[in-house]
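Structure first, then comments.
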Amino acid sequence: MTIYSFWMFDRHCNCIYTREWTRSSPLVPSHSSHSSVSSTSSATTLPAGAIGTVNASNQNDSAKLLFGALFSLRNIANKLGTLPFNEDTSVTDPLAIHRKNSLKSFATGKYRAHFMETALGLYFCILSDPNVADLQIVLKDLYADVYVNHVVKNSASDVDFPAEEVIGNESFVRGVDQLITALPAFA
Amino acid sequence: MSYYLAMIGTQDNPIYELEFGSFRQGNDGTSKFNPEMKELNPFILHAALDIIEDVQWETNTLYLKAIDNFYGHLISAYVTPGNVKFLLLHETKNEEAIRHFFTDINDLYVKVLLSPFYNANDPIISPSFDVKVKTLAKKYL
Amino acid sequence: MSKTIKATADDIWKNKVEKINSELFTLTYGSVVAQLCRDFHNDYVQVNAQLERMGFNIGIRLIEDFLARTGLGRCQSFKETAEVVSKIGFKIFLNVVPLVTNWSGDGKQFSLVLEENPLAEFVELPQDDKASRALWYSNVLVGVLKGALQMVQLEVDVAFVKDVLRGDDATEIRLKLIKVLRDEVPAGED
């Protein structure tokens, strides 16, 4: 059981954060040619002793493909399965947000992609091997504990990322690593 | 009985002053100083400032009771932790009531200080402060 | 309003919110406003604009914190938005619950009436008429509401209508829904 990588996309459809824990991730072709030039320029340095790469694949075709797949599946889930809007019940019980049908994960032969979308249109995605069951709680913790505390509350970092900007601050990288490497699913 | 209250800031500048008479026993609250006294009142209190500066270091209480005497008129004083002095010129001795009066005036003064637009040593011109001081005077004196 | 909203908000306020001394908060905000007035030489229109900008920057971040803490999704109607903002939002961040009143006929405008305003405790505006006519002391709240609602795709026009500091009987903020913004789609999908 392993976790291969973690991706974040913002509501402008840009990839704002990538973290890969092993070179043998099924998504990153080891012979990436033209995209490797642009990806190293935005790669972020890792804290000492950590493995893998940070922000090395943000402009990759695989990032765009992954986003496309997630976006389409999310749209399908929203359109098929969302309950119709009922004015009366919504006002008395607005906490029933799960009225909307949302994508949780999809699996292929080599990996499973776990997905979460925040109310503001931020996409969180973890790629793990197909045996890992459900990482929704992990995704929610990544959002509520790591992202909100280190990026949103940090006045020096953007909230609305301009094109090609990534999340680079160290405390965020460390926070993500701490959370993920502590999971039992992480080999 | 008549009273003259003055609040002096840290630079010996007056922040607030009020002349009033007793509200007890059917008096209407206007001061009954004769005209010569009226002119002299600020000077009397100002002269008392020197005495305060000596006396304040001898005691660790804020209320300094009656510190000076001018031909039968008593002057009582109170020093705030911020070195702002409250002075009251009065004719009869009335320590306890004046102590309560000063303590409540201090509470009002602290509330004035809390407003962000009030800088230290500014004159207090708020009409609501005026009204509240008069209410306190009615209550204690 | 339903008990569940109030109970959720109280629960979050009690357990998940770090608290600081309210006087420290009030005094800090007060000194910010006083310093702005000094910097702009009492040009209260500019001060209002600055406060609103500061509030806007706070609002765009605050909404993420709010959604992460409460786990809520997007509201389905403007009425729902009003209830959530007043009962949960204000409760969590300022521990006050303003009243939602004065709904317009088409349901696109409403007022929030604050009985107590923690930003303006013990504040007395300077005595000159200009201040009491031009300055909205708590204008940062206007910016916060605008910024936060914009991040959830609602373009809302927010403004103060009455303020206790100016001598009115209550503090009232008016919110007008201008339009609902469209979500962005990737290039080529549309």
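Because the structure is a prediction, the values reported are computed rather than measured. Quick note on labels: first sequence line is chain A, next is B, and so on, each numbered from 1.
- The salt bridge (Lys or Arg N to Asp or Glu O under 4.0 Å) search around C:Lys108 returns none, not counting sequence neighbours.
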Which pairs of donor and acceptor atoms, one on a side chain in residues 51-59 of chain C, lie under 3.5 Å apart (sequence neighbours left out)?
residue: C:Glu52; atom: OE2; partner: C:Lys146; partner atom: NZ; Å: 3.4
residue: C:Arg53; atom: NH1; partner: C:Gln50; partner atom: OE1; Å: 3.4

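- Residue-environment remark: CD (B:Glu95) exceeds the threshold of 12 foreign heavy atoms within 6.0 Å.
- The number of heavy-atom neighbours closer than 6.0 Å to NZ of C:Lys19, taken from other residues, nucleotides and ligands shown, is above 12.
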Throw together a table of side-chain donor-acceptor distances under 3.5 angstrom for residues 94-102 of chain C, partners on residues two or more places apart or in other chains.
residue: C:Asn95; atom: OD1; partner: C:Lys91; partner atom: NZ; Å: 2.9

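- Around NZ of B:Lys65, the count of heavy atoms belonging to other residues, nucleotides or ligands within 6.0 Å does not exceed 12.
- Across C:Ala34, C:Gly30, C:Ser31, C:Pro126, the residue that shares the most heavy-atom pairs under 4.5 angstrom with chain B is C:Pro126.
- Contact annotation for residues 107-118 of chain B against chain C (heavy-atom separation below 4.5 Å, listed by residue number): B:Lys111, B:Leu114, B:Ser115, B:Pro116, B:Phe117.
- Inter-residue side-chain proximity for B:Asn119 and C:Arg38 is flagged as met; some heavy-atom pair is nearer than 4.5 Å.
- For C:Glu116, the CD atom counts as loosely surrounded, since its 6.0 Å shell holds 12 or fewer non-hydrogen atoms of other residues, nucleotides or ligands.
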